[in-house]
K.L.:
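Dropping the structure in here first, questions after.
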Amino acid sequence: MNDRPERPNRPALSLHVPEPGARPGDPVDFSHIAIPAAGSVRRPDPHAPASETHALVATLVRVLDEEGRAVGPWDPKLDADTLRRILRDMMLVRVYDDRMYRAQRQGKTSFYMKSTGEEAVAVAATHALDRDDMTFPTYRQQGILIARDYPLVTMMCQVYSNKGDPLKGRQLPIMYASKAHGFFTISGNLATQYPQAVGWAMGSAIAGDSRIASAYIGDGSTAEGDFHAACTFAGVYRAPVILNVVNNQWAISTFSGIAGGELTTFAARAVGYGIAGLRVDGNDALAVYAATRWAADRARANLGPTLIELFTYRVEGHSTSDDPSVYRPQNAGAAWPLGDPVERLKRHLVALGEWDEARHQAQHEALDAEVRAAQKEAERQGTLQSDPYQDIPSMFEEVFAELPWHLKEQQAQALAEAEAKRA
Amino acid sequence: MSVMNMIQALNSAHKVMFERDPTTVVLGEDVGYFGGVFRVTEGLQRDYGKQRCFDAPISENGIVAVAVGMAAYGLKPIAEIQFADYIYPGFDQIVSEAARMRYRSAGDWSLPMVIRSPYGGGIFGGQTHSQSPEALFAHIAGIKTVIPSNPYDAKGLLIAAIEDPDPVVFFEPKRIYNGPFDGYYERPVTPWAKHPAAEVPDGHYTVPLGKAAVAREGEEVTILAYGTMVHVALATAEANGIDAEVIDLRSIVPVDIEAIETSVRKTGRCVVFHEATRTAGFGAELAALVQERCFYHLEAPVARVTGWDTPYPHSMEWAYFPGPVRLGLALKKTLED
């Protein structure tokens with residue numbers, strides 16, 4: 001700069017731009033990640049002051065050890081049927097993701113996003129909530145719908161934007177919505193759902209209800225102003241809400257350091273807002289379940305929000321539009337030191353004598369058959385390629401409760417245009 | 001000269017300015033190592049370092065706000081907002097801050113900054129990757145708004161925007177990044193390489209802001225367009241055998257009023273054409289300007305052809321998109337009136 005004053009005795013400043021430890025061609029290196037032993041982190045009483053959690057924001061709540069045993073004070077002591085249900089749901093999410101990813105590659109839809117490696121943060125957390133608690137997901141929590149028995153065929157019809165799509169072809173694939181399943185309509189604009197979840201929870205408190213809300217956000221999106229609005233309002237009004245931060249380490253091509261993860265943990269954000277905070281092994285279904293239940297108990301006791309960092313890894317690309325091999329080492333996901341959530345819960349069930357390899361394989365095959373059958377049924381109602389949702393008058397409906405004159409005119413014009421196209 | 005698509009032309013504009021002006025810096029989501037989700041900033045960090053081109057946190061508010069601060073310091077920041085649909089968290093910093101800085105400080109501070117953003121539909125991006133919000137920015141006093149329609153203009157306009165002393169919002173029609181899409185979505189896409197405007201000088205040049213181009217000369221009717229719609233207008237005129245004059249506005253603020261008046265006075269008919277929603281769209285401003293200034297030359301009402309007043313629907317993209325059929329019907333009606 002021309003007008004920069006010369007001060008030879010002072011060092012020149014320079015900008016720090018965080019850089020991930022490894023790029024393509026480098027060996028995968030996760031040695032900087034500190035992993036405390038399973039069972040080693042204490043569990044405060046859910047009714048304790050928020051400050052009692054603040055020593056936990058730099059560690060990791062873990063339950064499952066290397067041998068698949070559930071250890072320590074956070075063990076939720078779930079019965080075998082519940083464990084098998086969580087395992088089944090996570091496996092189903094993975095099978096479903098694989099089929100839909102392939103359908104996108106075959107040109108049957110425009111876009112898809114997998115949640116590989118992150119199944120526990122949606123599935124296990126949902127099982128720790130009541131069925132009528134409200135969730136405000138991002139685009140990577142399809143596991144919530146699966147855990148709440150949303151019909152697979154309907155999910156697929158949404159992905160295909162076909163005649164069976166309950167959202168009438170309006171939304172990008174995977175941006176599901178279902179009030180009946182407590183699954184808030186997904187926005188492509190990041191972080192917007194976070195303060196909305198706080199508002200829903202405030203509404204529940206104002207109305208004297210007992211339901212709570214659970215919100216999701218990614219590590220990258222915590223940079224948005226909406227994240228900070230959510231934490232502020234949640235803290236001020238002690239809103240009955242769980243604020244999940246899914247730290248999957250990557251926001252498309254930028255690593256969590258670009259979101260501030262180099263300096264501190266995302267759970268530590270809770271300290272500044274004076275709210276409870278927990279940092280959890282997101283690939284440990286039991287730890288996710290236990291932390292969610294802890295936060296739900298706290299919220300139901302009218303003691304306000306908990307921010308939970310779910311520490312995990314985005315094993316696949318951000319979406320079908322992304323190729324992670326150009327910005328991070330190949331197969332980084334396989335080297336993630338906290339393992340795979342499905343494999344870890346399976347090992348636990350096997351260690352308990354409640355599961356075995358043959359049953360696992362049989363379940364995988366049954367789920368695969370279920371998904372294939374659902375796909376066939378969904379495709380009978382069309383795909384984005386073959387027979388997309390094309391009810392032109394419906395395009396103008398639900399902009400408002402009632403159609404104003406100008407939309408009525410445009411609706412008629414659009415129909416005339418469709419006629420002209422056919423001619 | 002090289003043959004470039006629009007992405008390469010925009011990339012070239014960045015490189016030319018990085019070479020010429022050490023105060024230019026690029027920031028935005030995924031613009032650094034990765035080179036941007038559309039590859040517009042590819043190679044900038046590799047060749048010029050992380051002090052010149054760096055990834056930003058996912059905060060459009062923050063990206064615009066720190067760009068304001070960098071420009072106040074004396075740099076020339078070029079901020080990328082990954083999709084125009086994501087720009088709204090940064091809107092307050094644009095409207096209340098960037099747009100007014102020169103005015104409110106009586107010229108003590110000015111902000112030579114550019115906010116680039118891919119915009120518009122036609123890529124099955126659904127509601128959050130398809131919007132055309134240019135009218136929101138055109139409405140703000142103190143912001144220039146620029147929209148190129150081809151590689152040559154894209155590079156020249158971007159360099160002009162970077163060199164401009166005031167904040168510029170620069171919308172890139174992403175549907176024509178790789179080829180001049182003309183609205184006939186069932187036909188194969190032609191690449192830019194076959195288009196004369198893909199011949200782009202390798203070095204520095206500018207296309208002035210506020211200056212329109214005549215994309216096609218004609219006598220019967222004037223079509224006012226910008227971005228992707230320029231190509232739709234040309235193809236529609238061709239398909240219907242209409243001798244339309246197609247004006248590519250290139251900048252909507254400031255708009256080239258002389259080019260508009262000259263053309264409409266000649267043809268006596270005017271169709272305003274944009275992809276954005278209709279109500280209070282930029283077409284309303286154009287229609288008002290034309291009737292204020294060319295009323296006694298008009299032989300038919302000024303028509304508007306636009307996107308519908310709905311969010312951009314995913315599967316019904318082509319029923320929403322104002323393509324050749326919608327424009328063709330309007331042209332015929334305007335010629336009959």
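Numbered from 1 within each chain, the chains take letters A, B, ... in sequence-line order. What you see below is based on every heavy atom in this structure, not just the backbone, and it leaves out hydrogens, waters and symmetry mates.
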K.L.:
Counting only heavy atoms closer than 4.5 Å, note whether B:Glu60 contacts chain A via side chain, backbone, both or neither.
P.N.:
both
K.L.:
Given a strict heavy-atom distance threshold of 4.5 Å, which part of A:Phe111 is in contact with chain B: side chain, backbone, both, or neither?
P.N.:
neither
K.L.:
Salt bridge check, A:Arg170 against A:Glu398: does any charged N sit closer than 4.0 Å to a carboxylate O?
P.N.:
yes
K.L.:
Looking at chain B, which one of A:Gly225, A:Gly220, A:Ser394 has the largest number of heavy-atom pairs inside 4.5 Å, strictly under?
P.N.:
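Top option by heavy-atom pairs under 4.5 Å: A:Gly220.
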K.L.:
Examine whether an atom of A:Thr222 lies under 4.5 Å from a heavy atom of chain B, and if so say whether it belongs to the side chain, the backbone or both; otherwise answer neither.
P.N.:
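For A:Thr222, no heavy atom lies under 4.5 Å from chain B.
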K.L.:
Under a 4.5 Å heavy-atom cut-off, does chain B meet the side chain of A:Leu15, its backbone, both or neither?
P.N.:
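For A:Leu15, backbone and side chain are both near chain B.
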K.L.:
Could you tell me if the side chain of B:Glu80 sits less than 4.5 Å from the side chain of B:Glu29, heavy atoms only?
P.N.:
no
K.L.:
Is the shortest heavy-atom distance from the side chain of A:Tyr194 to the side chain of A:Phe136 under 4.5 Å?
P.N.:
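Contact flag for A:Tyr194/A:Phe136 side chains = no.
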K.L.:
Side-chain contact, heavy-atom cut-off 4.5 Å: B:Ile63 with B:Ile81?
P.N.:
yes
K.L.:
Heavy atoms only, distances under 4.5 angstrom: which of B:Thr310, B:Asp309, B:Val37 has the most pairs with chain A? Name it, please.
P.N.:
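Top count of heavy-atom pairs under 4.5 Å with chain A: B:Asp309.
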K.L.:
Please check if any side-chain donor atom of B:Ser96 sits under 3.5 Å from a side-chain acceptor atom of B:Gln93, or the reverse.
P.N.:
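Not at all, the side chains of B:Ser96 and B:Gln93 share no donor-acceptor pair under 3.5 Å.
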K.L.:
Any ion pair linking A:Asp322 and A:Arg314 (charged N to carboxylate O, less than 4.0 Å)?
P.N.:
yes
K.L.:
Between A:His406 and B:Thr279, is any pair of side-chain heavy atoms under 4.5 Å apart?
P.N.:
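In short, these two side chains touch, coming nearer than 4.5 Å.
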K.L.:
A:Val399, A:Asn189, A:Leu167: which one forms the most heavy-atom pairs within less than 4.5 Å of chain B?
P.N.:
A:Asn189
K.L.:
Identify which of A:Gln411, A:Glu417, A:Lys421 forms the greatest number of heavy-atom pairs closer than 4.5 Å to chain B.
P.N.:
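Highest number of heavy-atom pairs under 4.5 Å: A:Glu417.
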K.L.:
Need one label for A:Ala418: side chain, backbone, both or neither, based on atoms under 4.5 Å from any heavy atom in chain B.
P.N.:
neither
K.L.:
I'd like to know if the side chain of B:Lys174 and the backbone of B:His129 have a donor-acceptor N/O pair within less than 3.5 Å.
P.N.:
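Indeed, once roles are kept as given, a pair shorter than 3.5 Å links the two residues.
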K.L.:
Let me know if A:Val17 has heavy atoms under 4.5 Å from chain B in its side chain, its backbone, both or neither.
P.N.:
both
K.L.:
Do A:Leu384 and A:Asn162 touch side chain to side chain, with heavy atoms closer than 4.5 Å?
P.N.:
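Counting from C-beta outward, A:Leu384 and A:Asn162 never come under 4.5 Å.
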K.L.:
Does B:Tyr86, at its OH atom, have more than 12 non-hydrogen atoms belonging to other residues, nucleotides or ligands within less than 6.0 Å?
P.N.:
yes
K.L.:
Does a salt bridge link A:Arg23 with A:Glu19, judged by any charged N lying under 4.0 Å from a carboxylate O?
P.N.:
yes
K.L.:
In terms of side-chain heavy atoms, does A:Arg140 have a donor or acceptor partner in A:His318 at a distance below 3.5 Å?
P.N.:
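Their side chains do contain a donor-acceptor pair, which is all the 3.5 Å distance test asks for.
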K.L.:
Could you verify whether a donor N or O on one side chain and an acceptor N or O on the other, from A:His228 and A:Tyr273, lie under 3.5 Å apart?
P.N.:
yes
K.L.:
Give the member of B:Asp85, B:Thr128, B:Ile58, B:Asp55 that has the highest number of heavy-atom pairs under 4.5 Å with chain A.
P.N.:
B:Ile58
K.L.:
Is any residue of residues 322-336 of chain B within less than 4.5 Å of chain A by heavy atoms, and which ones?
P.N.:
B:Val325, B:Arg326, B:Leu329
K.L.:
So what's closer than 4.5 Å to chain B heavy atoms on A:Pro24: side chain, backbone, both or neither?
P.N.:
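Both backbone and side chain.
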K.L.:
For B:Gln82, which atoms come within 4.5 Å of any heavy atom of chain A: side chain, backbone, both, or neither?
P.N.:
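When you check distances to chain A, only side chain atoms of B:Gln82 fall under 4.5 Å.
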K.L.:
Does the pair B:Lys76/B:Glu163 count as a salt bridge with the N-to-O cut at 4.0 Å?
P.N.:
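Salt bridge flag = no for B:Glu163 with B:Lys76.
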K.L.:
Do A:Arg328 and A:Trp250 touch side chain to side chain, with heavy atoms closer than 4.5 Å?
P.N.:
yes
K.L.:
What residues of residues 115-125 of chain B make heavy-atom contacts with chain A at a cutoff under 4.5 angstrom?
P.N.:
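Listed by number: B:Phe124, B:Gly125.
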K.L.:
Taking side chain as everything from C-beta outward and backbone as N, CA, C, O, which of these in A:Leu407 sits under 4.5 Å from a heavy atom of chain B? Side chain, backbone, both or neither.
P.N.:
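Answer is side chain: those atoms of A:Leu407 sit under 4.5 Å from chain B.
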K.L.:
Could you check which of A:Ala259, A:Pro388, A:Ala414 has the highest count of heavy-atom pairs closer than 4.5 Å to chain B?
P.N.:
A:Ala414
K.L.:
Let's test your reading of the structure: which of B:Phe83, B:Tyr88, B:Phe34, B:Trp318 forms the most heavy-atom pairs below 4.5 Å with chain A?
P.N.:
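Winner by heavy-atom pair count: B:Phe34.
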K.L.:
Can you tell if the side chain of B:Arg175 reaches within under 4.5 Å of the side chain of B:Val189, non-hydrogen atoms only?
P.N.:
yes
K.L.:
With a 4.0 Å cut-off on N to O distance, would you call A:Lys163 and A:Asp387 a salt bridge?
P.N.:
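Judged by the 4.0 Å cut-off on N to carboxylate O distance, A:Lys163 and A:Asp387 do form a salt bridge.
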